[in-house]
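Let me begin by presenting the structure, written as structure tokens, before commenting on it.
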Amino acid sequence: MTSVLTQSAVTVRYYDGQTARAHAGILSPPDESGWVVVVVDAVQYRLNLHRARIRAAIGDTPPCLEFADDVCVELVEMSFPDWLIPADWTESRPAQVRRLWLSRIHLWEQSPRWILAGLLLTLIMVFGLLEYGVPVIARQTAYALPTHTLDDLAVSTLQQLDHETLKPSQIPLVRQTQIEQEYEYWVADTPAPHLIFRHGGAMGPNAFALPDGRIVVTDELVDLIRHDFELMAVLAHETGHVERRHALRQIIANDSIRALLIAITGNTTHVLSDVPTEFIGLTYSREFEREADDFAYQRMTERGIPLHYFSDLLSRLAQPEQHDLKATLQGYLSTHPAISERLIRFQKAPAGA
Amino acid sequence: MNDQLKMSSLATVGVQNAGIAHAGGVIDESISSVITASRFVFRGEVKPYFRIWLVNWLLTILSLSLYSPWAKVRRLRYFYTHTSLAGARFDFTGHARVIFIGRLMALGVYMSANSEGFLKGSWLQWVAGLLLFIIYASIPYLLRATYRFKARNTVYRNVRFRFTGTWREAFWVYWGLGALTILSLGFLMPYTIYRHKRYQFNHLHWGQLKFSLDLSPWRVYWALIVPVLLLIGLYSVLIVAALQLNLNVDIRGRAALTEFLLPWIPWLVAMVGVVLLMYWISAAQVFRLCWSNVRLGESRFKTDLSLWCYLGIEYFNLWLIMISLGLCIPRAIIRIQRYRIQSISISWADDPALMQAVSQANLKAFAEELNDLVGIDLSL
């Protein structure tokens with residue numbers, strides 16, 4: 001016994017699980033079946049390592065072994081003897097990994113190299129998740145859900161808008177029907193999304209898709225256009241939002257980010273989870289605008305609407321607010337991509353197309 | 001210093017060294033019969049804790065939050081094991097797995113609380129509502145379970161703490177008095193705090209020794225006089241403001257709301273400041289009251305925490321965290337914890353060596369308790 005002991009035994013503090021008294025002892029390496037011996041005042045205590053639980057070292061606190069009946073063996077030195085985690089034990093791999101982790105975690109926690117590597121890995125993962133993971137999940141889920149998922153939301157949104165800003169439309173019914181027919185002929189698939197006409201009020205010239213696929217067009221927009229094709233271009237863009245289920249995707253993406261934030265921070269306070277979610281949500285909505293532009297581009301080319309009508313209207317819409325600083329600042333946070341960026345493609349379109 | 005500890009290889013720890021430490025049979029740095037009082041010592045440092053904190057965050061993010069219970073155990077263990085009394089450390093022995101289950105339950109609560117819009121119109125909304133009601137109704141029970149979990153997993157000299165409060169008292173203190181506090185517009189708050197602390201301390205045991213809090217509710221009222229006056233001031237200002245504004249502004253629209261709030265921002269900041277001040281003063285005063293009037297067996301605790309120092313540290317910490325965008329959170333926590341912990345001392349009624357003879361209380365009943373529905377940790 002003595003020869004083995006002198007080579008690798010370690011000093012420990014032994015607690016018998018009954019009293020608060022700490023006994024100085026010597027812990028020797030285990031035999032084949034995992035039995036270790038702690039010698040305290042010439043008394044030997046036999047304990048089985050297989051049933052031990054390791055309390056990992058932390059900060060400057062050495063590791064500790066917990067046995068049944070609250071018997072506890074505290075190491076005096078920080079380092080963890082290798083024989084406490086033998087490789088040849090007949091235990092499962094996860095258990096071995098766990099022991100390895102428990103014996104090394106305090107070293108990793110204090111090593112700048114590991115921390116830096118972890119930091120980089122984390123940044124890469126967060127970037128990948130936000131850039132690819134969440135959008136893919138949102139798209140797959142959105143297409144898997146039925147189209148009427150958001151009908152309730154659409155109804156309440158329209159009600160709220162009607163209450164706050166929108167007024168009944170002043171456009172004659174004949175003109176409304178004409179626009180609907182043009183839309184069905186030039187842009188929409190069958191069944192065509194419903195068009196809803198409203199007086200925009202504070203909203204001004206605008207068109208937007210409701211979550212259930214209906215499209216709201218304001219009187220101001222109808223007045224602003226110089227050619228019906230301009231309106232068709234805008235409607236093609238909005239139809240893109242509907243076809244690609246952007247409302248649902250946005251909601252799913254926002255909710256999954258919020259869920260992740262809550263899971264990670266454990267904080268359900270709205271300020272802490274909503275602000276970052278909104279910021280990230282904005283980048284997705286810019287992505288959606290690009291997709292809707294793509295859709296409009298494709299649809300207009302297919303059905304033979306000259307592309308410049310899109311850029312004509314867009315630049316006219318953007319004109320009045322381009323001069324002040326506020327508008328420039330808003331651009332950074334806006335839900336739409338920079339206007340010049342959007343125009344280029346439609347302006348560069350093959351002439352006469 | 002850490003590096004040194006880390007590097008000390010196994011080879012240097014021979015049997016010869018062990019023999020020396022071993023000589024007495026019982027090792028205890030502090031034990032000598034002349035000691036009559038000991039102070040709590042906190043050895044946590046900013047740098048190591050910052051690293052642990054950072055690693056916890058990284059692993060939590062990398063594991064999509066699955067690591068967070070383990071992170072919590074690491075954090076708690078850092079604070080527990082770096083707190084010592086009379087030369088011996090505290091430790092936390094809780095299993096992260098148990099906390100993980102607690103987290104899942106908390107997530108369930110959150111989901112059912114936020115799902116009413118999603119489930120609208122389906123029968124599931126009634127199930128979610130019922131579940132939410134049950135969970136709210138059982139908050140006192142969950143609080144008690146959390147105290148038991150915390151106490152049972154706190155060890156000092158390898159002897160466990162134990163919490164024996166009944167669920168009846170928990171329901172009375174947290175539901176009954178909680179409701180009365182709201183009805184009294186908060187003026188019953190000091191009494192509720194008193195009962196809450198009494199519930200926490202008077203049922204706490206360390207081994208066979210029992211904690212007891214010798215305090216009258218009037219002293220809590222007296223200690224909290226400043227926060228209560230602040231509360232009255234806040235109420236009157238709010239009432240005056242409400243009358244002044246007449247509150248007939250249509251604040252439905254977002255733009256309107258921003259315009260409406262803009263001139264009030266300094267007032268809002270002042271209000272947040274007052275609320276924070278109230279919170280800090282109450283926390284410090286309650287801490288002082290409790291730790292100056294609590295006994296463990298016959299040994300008395302005492303704290304020399306100064307209200308002004310405490311407020312100064314909290315105020316400084318607030319700015320530190322805001323300016324560093326959260327990176328100085330570990331520094332702030334270490335600072336305030338060190339101040340709190342090191343302010344406490346204990347004067348031994350008997351020979352402190354007697355503490356070593358304290359034994360684990362009734363192990364058998366203890367083991368039975370384990371099978372009970374304990375082990376809930378809701379991070380409350």
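Order of the sequence lines fixes the chain letters, A, B, ..., with proteins taken first and strands second; residue numbering starts at 1 for each chain.
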Can N153(B) and H95(B) be counted as having a side-chain donor-acceptor contact under 3.5 angstrom? no
Can you tell me which portion of S63(B) sits under 4.5 Å from chain A's heavy atoms? Options are side chain, backbone, both or neither. neither
Ring geometry between W206(B) and Y156(B) (parallel below 30°, tilted from 30 to 60°, perpendicular above 60°): tilted
Note: vs chain A, highest number of non-hydrogen pairs under 4.5 angstrom among I61(B), V55(B), N56(B), L58(B) is L58(B)
Please check if any side-chain donor atom of D91(B) sits under 3.5 Å from a side-chain acceptor atom of T81(B), or the reverse. no
Are F90(B) and Y80(B) near enough that their ring centres are under 6.0 Å apart? no
For I105(A), is it the side chain, the backbone, both, or neither that has a heavy atom closer than 4.5 Å to a heavy atom of chain B? both
Please flag which part of R77(B) lies under 4.5 Å from any non-hydrogen atom of chain A: side chain, backbone, both or neither. both
May I ask you to decide whether R74(B) forms a salt bridge with E109(A), counting only side-chain N to carboxylate O separations under 4.0 Å? yes
Is the H23(A) ring parallel, tilted or perpendicular to the Y14(A) ring (thresholds 30°, 60°)? tilted
Pick one of side chain, backbone, both or neither for L54(B), based on which atoms fall under 4.5 Å of a heavy atom in chain A. side chain
Heavy-atom distance under 4.5 Å to chain B: side chain of A57(A), backbone, both or neither? backbone
Ranked by heavy-atom pairs below 4.5 Å to chain B, first place among L260(A), I115(A), L129(A) goes to I115(A)
Which atoms of Y49(B) are under 4.5 Å from chain A, going by heavy atoms: the side chain, the backbone, both sets, or neither? neither
